[in-house]
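Treat the numbers as computed from the prediction; the structure is a model and nothing was measured. As the structure lists them, so they are numbered: ligands from 1, and atoms in each ligand from 1.
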Amino acid sequence: MPKLHIVVGSTRPGRLALPIAQWTAKAAEQHGGFDVELVDLAEAALPLLDEPAHPRTGQYAHEHTRAWSATVDEADAFVFVTPEYNYGPPAALLNAISYLHREWLYKPAAFVSYGGVAAGLRSVQVLKQILTTLKVMPIPEAVAIPFVFQLMQDGRFQPTPPLEAAATDMFDELLCWTDPLQILRKSAAEAPPRGPVAP
Ligand SMILES: Cc1cc2nc3c(=O)[nH]c(=O)nc-3n(C[C@H](O)[C@H](O)[C@H](O)COP(=O)(O)O)c2cc1C
């Protein structure tokens, strides 16, 4: 079964990302197509990028990078759970993405976003642009949650039926992409390296 990482994109104390990611993980388990793991950036505790070598080299000086590399390596697909901060993604999420290169390549990703009227969608648009640079395939099916505070009760996220239906569509489509991209990953890994690696 493909491994799905639900990435908790906010590290802020009291973040809504955690209960929303917990709901997302439960919905993914109920979907049944994936082996699901919640990946919490607060637990990964990555400092601001402190590796001297370009991520393409895969030469990691720090244990936190090796641990993050091993985590991302395991995934066949991602769901990024993200708010928008000033119309963009949280710095912690961008930082975690920047740490690695090969580990992201040719994997599909979906997004659960939330916020005010814009439902975090401006953050998702920025993330899509950055992730495609790492050959991550962002899918259009998504869960976009507007006015998120109205759906929180006692610290838990209470989805509406349309949001639950959107999650099912999202997992169906994400699953469609996992096999073809797994094949692509395998042939890319067997191909000779292309061009020099930037310092
Ligand atoms: C620094 C910062 C910037 C924010 N900018 C936006 C924004 O651009 N759009 C929006 O809808 N909400 C914005 N908000 C409100 C967030 O949607 C809300 O605080 C949400 O709980 C943040 O996600 P988190 O709790 O998982 O960190 C912002 C919140 C913070 C802390």
Side-chain angles (χ1 to χ4, degrees), residues 3-31 34 36-50 64 67-68 71-72 75 77-100 104 107-134 136 138-171 174:
K3 182 97 191 256
L4 174 63
H5 280 185
I6 311 288
V7 181
V8 186
S10 164
T11 53
R12 210 176 52 81
R15 62 217 160 124
L16 298 186
L18 187 59
I20 294 171
Q22 285 163 341
W23 165 73
T24 307
K26 204 165 153 209
E29 274 158 16
Q30 283 165 356
H31 176 271
F34 300 95
V36 182
E37 185 178 332
L38 196 77
V39 172
D40 189 349
L41 294 186
E43 283 175 18
L46 293 164
L48 278 178
L49 181 58
D50 60 353
H64 54 253
W68 180 232
T71 299
V72 175
F78 304 97
V79 173
F80 292 98
V81 177
T82 184
E84 60 179 23
Y85 290 167
N86 305 312
Y87 294 14
L93 180 51
L94 291 176
N95 187 51
I97 292 168
S98 301
Y99 257 92
L100 306 176
W104 297 115
K107 295 181 181 178
F111 303 87
V112 172
S113 66
Y114 53 92
V117 66
L121 285 169
R122 293 166 293 210
S123 170
V124 171
Q125 288 307 106
V126 174
L127 282 170
K128 283 181 176 177
Q129 186 180 345
I130 289 162
L131 287 166
T132 53
T133 310
L134 293 161
V136 170
I139 66 162
E141 286 76 5
V143 180
I145 308 162
F147 306 114
V148 64
F149 289 105
Q150 295 173 10
L151 300 178
M152 299 303 301
Q153 274 172 17
D154 303 324
R156 288 171 66 103
F157 176 62
Q158 304 290 345
T160 57
L163 293 174
E164 286 176 326
T168 303
D169 285 351
M170 179 181 77
F171 294 130
L174 200 55

**OP:** Find all atoms of ligand 1 within a distance of less than 4.0 Å from any non-hydrogen atom belonging to R15, and give their numbers and elements.
**Re:** 24 (P), 25 (O), 26 (O), 27 (O)
Original post:
Counting both backbone and side chain atoms, is some N or O of A17 under 3.5 Å from an N or O of ligand 1?
Top reply: yes
Subject >> For atom 8 (O) of ligand 1, the protein heavy atom that lies nearest, with its residue and separation >> reply: Y87 N, 2.9 Å
Original post:
For atom 26 (O) of ligand 1, what's the nearest protein heavy atom and its distance?
Top reply: Y114 OH, 2.5 Å
**OP:** Check the pair V112, M170 against side-chain contact (heavy atoms from CB on, under 4.5 Å), reporting the backbone distance first and the verdict last.
**Re:** CA-CA 9 Å; V112 172; M170 179 181 77; 3.8 Å; yes
Original post:
What are the two closest non-hydrogen atoms of T24 and F171, and how far apart are they?
Top reply: O-CZ, 3.6 Å
**OP:** List the closest protein heavy-atom neighbour of atom 5 (N) of ligand 1: residue, atom name, distance to the nearest 0.1 Å.
**Re:** N86 N, 2.8 Å
**OP:** Return a yes/no value for S10: is any of its N or O atoms, backbone included, closer than 3.5 angstrom to an N or O of ligand 1?
**Re:** yes
**OP:** Ignoring hydrogens, tell whether any protein atom lies closer than 4.0 Å to atom 15 (C) of ligand 1; use the non-hydrogen atoms only.
**Re:** no
**OP:** Indicate the atoms forming the closest heavy-atom contact of L134 with W104, along with that distance.
**Re:** CD1-CD1, 3.7 Å
Subject >> Top protein contact for atom 29 (C) of ligand 1, by heavy-atom distance >> reply: Y85 CD2, 3.9 Å
Original post:
Side chains of M152 and F157: does their closest heavy-atom pair fall under 4.5 Å?
Top reply: yes
Subject >> Nearest-neighbour protein heavy atom for atom 7 (C) of ligand 1, which is reported as residue plus atom name and distance >> reply: E84 O, 3.4 Å
Subject >> T82 side chain to S123 side chain, donor-acceptor N/O pair below 3.5 angstrom >> reply: yes
**OP:** Report the distance from atom CG of L49 to atom CG of L94, rounding to the nearest 0.5 Å.
**Re:** 12.0 Å
Subject >> Ring geometry between F111 and F80 (parallel below 30°, tilted from 30 to 60°, perpendicular above 60°) >> reply: parallel
Subject >> atom 18 (C) of ligand 1: the protein heavy-atom neighbour that sits closest, reported with distance to 0.1 Å >> reply: F149 CZ, 3.9 Å
Subject >> Identity and distance of the protein heavy atom lying nearest atom 11 (O) of ligand 1 >> reply: G116 N, 2.9 Å
Subject >> Pick from V117, L16, V8: the one approaching atom 24 (P) of ligand 1 most closely through a non-hydrogen atom >> reply: L16
Subject >> Closest to atom 22 (C) of ligand 1 (judged by heavy-atom distance), picking from G120, S123, P83 >> reply: P83
Subject >> Check: Y99 ring centre within less than 6.0 Å of W68 ring centre >> reply: no
Original post:
Between L151 and T160, what is the shortest heavy-atom contact and its length?
Top reply: CD2-CG2, 3.9 Å
Original post:
NZ of K26: more than 12 outside heavy atoms within 6.0 angstrom?
Top reply: no
Subject >> Residue part near ligand 1, for R12, under 4.0 Å between non-hydrogen atoms >> reply: side chain
Original post:
For atom 17 (O) of ligand 1, what's the nearest protein heavy atom and its distance?
Top reply: G115 CA, 3.8 Å
